[in-house]
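What you are looking at is a predicted structure, and each value in this text was computed from that prediction instead of being measured. Letters go in sequence order (proteins before strands), and every chain restarts at 1.
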Amino acid sequence: MSPARTRPATALRVRRRLGAFVFLTPGLAYLVVLLLVPLALVLSYVFFQRGRFGGVVYEYTTENFSRLLDPLYLRVLGESLQIAALTTVIALALGYPTAYLIARLPRKWKTVALVAIVLPFWTNFIIRMYAWIILLNGPGLINSALKSLGLGPFELLYNQGAIVTGLVYSYLPLMVLPLYAAIEKLDPQLREASANLGASGFTTFRKVTLPLTVPGVLTGSLFVFVPSFGNFVIPEMLGGGKSVMVGNLIRTEFLKARDWPFGSALALALVAVLVVLLLAQAWAARRA
Amino acid sequence: MLKIDGITRTFGQVTALDGVSLEIGQGEFFALLGPSGCGKTTLLRIIAGFETPDSGTVTLDGDDLLALPPNRRPISLMFQSYALFPHMTVARNVAYGLEREKLPREEIRRRVGEVLETVGLSAHGDRRPAQLSGGQRQRVALARSIVKRPRLLLLDEPLSALDKKVRADMQLELKRLQNEVGITFVVVTHDQEEAMSLADRIAVFDSGSVRQVDEPVALYERPRSPFVAGFVGANNTFEGKVSAAGLDAGDLGELAGTPLDGLEEGAGALLCVRPEKIALREVPEEAAGPDAEPAAAPEELQEGAEGPAEGLEGAVLDVSFYGGVSHLSVDVPGHAKPVLVAVQGASAVRPGAKVRLTWDPRDAVVIPVPS
Ligand SMILES: Nc1ncnc2c1ncn2[C@@H]1O[C@H](COP(=O)(O)OP(=O)(O)O)[C@@H](O)[C@H]1O
Ligand SMILES: [Mg+2]
């Protein structure tokens with residue numbers, strides 16, 4: 001190739017890149033200010049000692065990391081993982097059939113159903129959580145209903161079950177939507193071909209529908225797991241502070257214990273877990 | 001073997017099938033031919049069980065087919081889009097139907113190997129459908145359909161996604177395969193040449209109804225309705241009334257033809273004659289110029305001038321050479337559409353030449369027009 005031919009091509013490419021850069025600038029600025037800067041701050045705090053009233057004293061230490069290995073904190077991390085995992089599994093179990101049914105509705109009902117799925121997002125989150133408290137608490141609606149059947153009363157509020165209920169309720173739409181997209185995209189003739197070859201409805205689901213919607217399952221699971229894992233509002237409101245998740249712990253360290261360096265260490269541990277999960281999801285999605 | 005009786009299916013305002021009745025014999029290669037949207041796919045889907053008719057019955061060897069769920073019908077459907085499972089290899093796709101029958105693994109392996117051999121894809125068993133060409137995918141779909149040895153194989157436009165050359169090869173292959181496996185084939189197509197070359201019998205569909213069921217030659221030579229005459233192959237049609245000689249075409253005079261049985265003289269009718277059945281002769285200009293040769297072929301002229309009003313006279317508009325044949329369009333005064341004539345090889349006739357068109361009365365069929 002002659003240089004005369006490559007040079008204008010290169011110039012064009014550079015100009016295109018610049019053009020793309022201009023369009024990306026608002027997004028990039030957002031990322032830098034709201035993600036990279038805080039992350040850099042957290043990263044820098046973690047190697048120093050705590051100040052007496054918050055902030056940091058710039059003396060190098062690795063103590064914040066060794067404290068993470070304290071069984072107390074490991075248990076919180078483990079419990080958070082467990083709650084997030086349980087939430088994800090339940091959301092998947094509820095979300096898949098829902099998405100499947102919506103995908104098979106007639107076109108105009110699909111829209112109605114999808115709007116109904118995202119409708120709760122239009123109401124204030126805190127109000128919805130208070131609604132759950134009213135439903136679940138001692139003399140609440142559910143217990144009164146059970147009582148009229150001669151059952152209960154049950155301890156429904158301020159335990160792990162209540163947290164999982166609240167998390168599933170909040171993030172179920174994030175499971176349903178990617179699943180719906182994956183199922184909707186599936187050629188209905190594949191199901192028919194499977195039936196034509198002698199497969200029952202269940203076999204068709206197991207051998208054709210499910211394997212082909214694995215990417216949707218992975219995306220939905222991630223969308224539910226990530227906000228559940230780091231959540232601190234729902235555990236606080238529905239968990240009654242008895243059961244602490246890693247999100248609550250981070251908040252406490254920063255705002256109450258005023259131990260910014262250790263709070264940073266916890267935050268980094270949370271980010272690390274999520275990065276590992278993201279990578280695992282990307283790997284699994286590529287193979288699916 | 002397969003008996004379809006009075007099947008009707010409507011979608012809202014659209015009547016996809018309107019009282020369709022057909023009987024298809026054991027081992028037959030049967031084609032459903034019709035323009036796009038006439039209900040062919042809907043009929044196949046009813047037979048396969050993915051659509052339910054509003055009324056009518058379908059029986060296979062006397063058993064009510066409509067009572068069975070799709071996965072219990074001894075019928076294979078090859079989808080227009082092939083519907084191969086994208087997440088499975090070719091071999092797994094083909095094995096899918098056999099696995100559902102819970103056959104021993106060894107037998108599945110053997111039969112998959114055999115059928116891949118038959119369709120010439122032995123070397124491609126480990127590939128995914130996405131890694132295959134259109135023609136190869138079509139073979140996989142075919143292999144997947146026949147490996148279960150269904151009693152009936154339905155093929156929905158099996159060759160429409162292929163280019164012309166591959167299509168011709170696959171037509172031969174389908175025919176060979178049908179001879180080999182002895183399964184009854186019902187193939188849907190909108191390509192009349194394909195239907196003619198493949199099928200033992202053809203049912204011509206038009207807007208949800210069967211117009212004619214016949215063997216290819218009969219369908220071509222003796223269409224029973226204007227739709228069939230126009231749809232199956234190129235045709236020249238003339239309107240008029242049935243007469244003793246064939247058709248009284250008004251200003252064009254008497255045209256030679258053979259009326260269908262039961263057609264009464266004087267009834268409104270259409271005369272159809274195929275382009276390749278028309279003989280074409282050049283007529284010298286009446287006022288020949290001084291340098292004009294004294295009649296190139298006197299015998300021919302003699303012949304042409306035999307009957308005073310025999311055939312039609314016109315001027316050549318256009319000549320197209322297609323290799324084996326040439327097509328000439330001839331403008332006949334008093335007839336709106338140019339008359340199409342096909343002659344063997346290259347034609348010496350030039351555009352603008354005056355010609356006389358004649359045909360054997362046995363080659364022209366006179367059919368009723370629905371009033
Ligand atoms: N599921 C359906 N819903 C509504 N209309 C349909 C449906 N299936 C087919 N049709 C209509 O029925 C007619 C016949 O369709 P089809 O059987 O696919 O024709 P073909 O296969 O001969 O092209 C068309 O007008 C089509 O629009
Ligand atoms: Mg069709």
Side-chain angles (χ1 to χ4, degrees), chain A residues 92 96 99-112 178-222 280-288, chain B residues 11-12 41 44-51 65 68-89 92-103 108 112 115 128-130 137 140-150 152-157:
Chain A
L92 183 60
Y96 203 105
Y100 192 81
L101 289 178
I102 295 175
R104 303 189 77 170
L105 286 176
R107 187 180 300 267
K108 82 176 168 197
W109 289 109
K110 267 182 200 171
T111 320
V112 173
L179 281 175
Y180 166 78
I183 296 168
E184 162 80 348
K185 191 172 77 184
L186 211 62
D187 181 0
Q189 293 204 335
L190 293 178
R191 283 198 293 266
E192 292 179 349
S194 173
N196 184 249
L197 292 166
S200 64
F202 179 68
T203 307
T204 298
F205 177 76
R206 204 165 47 88
K207 294 275 184 184
V208 177
T209 311
L210 190 58
L212 287 173
T213 49
V214 163
V217 170
L218 292 173
T219 308
S221 300
L222 199 72
Q281 192 259 6
W283 177 80
R286 182 118 41 90
R287 285 182 41 115
Chain B
F11 297 103
T41 297
L44 285 200
R45 290 174 59 80
I46 287 172
I47 300 171
F50 300 122
E51 202 77 73
L65 213 50
L68 293 174
N71 57 332
R72 295 271 166 71
R73 299 189 186 190
I75 290 173
S76 276
L77 170 61
M78 193 181 132
F79 290 81
Q80 195 165 358
S81 62
Y82 306 150
L84 298 177
F85 303 125
H87 58 304
M88 296 180 194
T89 61
R92 292 296 315 282
N93 262 283
V94 176
Y96 191 86
L98 299 177
E99 284 166 2
R100 302 288 79 77
E101 290 176 20
K102 306 262 191 300
L103 295 175
I108 293 178
V112 168
V115 78
R128 295 281 177 100
R137 270 181 235 174
V140 177
L142 197 59
R144 191 175 71 172
S145 306
I146 58 174
V147 75
K148 288 192 65 149
R149 300 180 188 146
L152 179 65
L153 176 59
L154 310 171
L155 305 105
D156 194 358
E157 311 242 0

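Applying the side-chain hydrogen bond (donor to acceptor under 3.5 Å, both in side chains) test to pairs two or more places apart or on separate chains, those with a residue in residues 77-86 of chain B are Q189(A)-S81(B).
For the options P70(B), S76(B), A48(B), P150(B), heavy-atom pairs under 4.5 Å to chain A are most numerous at S76(B). Ranked by heavy-atom pairs under 4.5 Å with chain A, the list S145(B), A141(B), P69(B), G97(B) is led by G97(B).
Contacts of R144(B) with chain A are made by both backbone and side-chain atoms, with heavy-atom separations under 4.5 Å. Residue contact with chain B, scored on non-hydrogen atoms closer than 4.5 Å, involves the backbone and the side chain of N196(A) alike. Heavy-atom distances place the side chain of M88(B), and not its backbone, under 4.5 Å from chain A. If you measure heavy-atom distances from L84(B) to chain A, the contacts under 4.5 Å come from the backbone alone.
Heavy-atom proximity under 4.5 angstrom to chain B picks out T203(A), T204(A), K207(A), V208(A), P211(A), L212(A) from residues 202-212 of chain A. Below 4.5 Å, heavy atoms of chain B meet no heavy atom from residues 105-112 of chain A.
Shown here are the ring pair (Phe, Tyr, Trp, His ring centres under 6.0 Å) partners of F85(B), two or more places apart in sequence or in another chain: Y96(B).
A199(A) approaches R100(B) most closely through the heavy-atom pair CB-CD, 3.4 Å.
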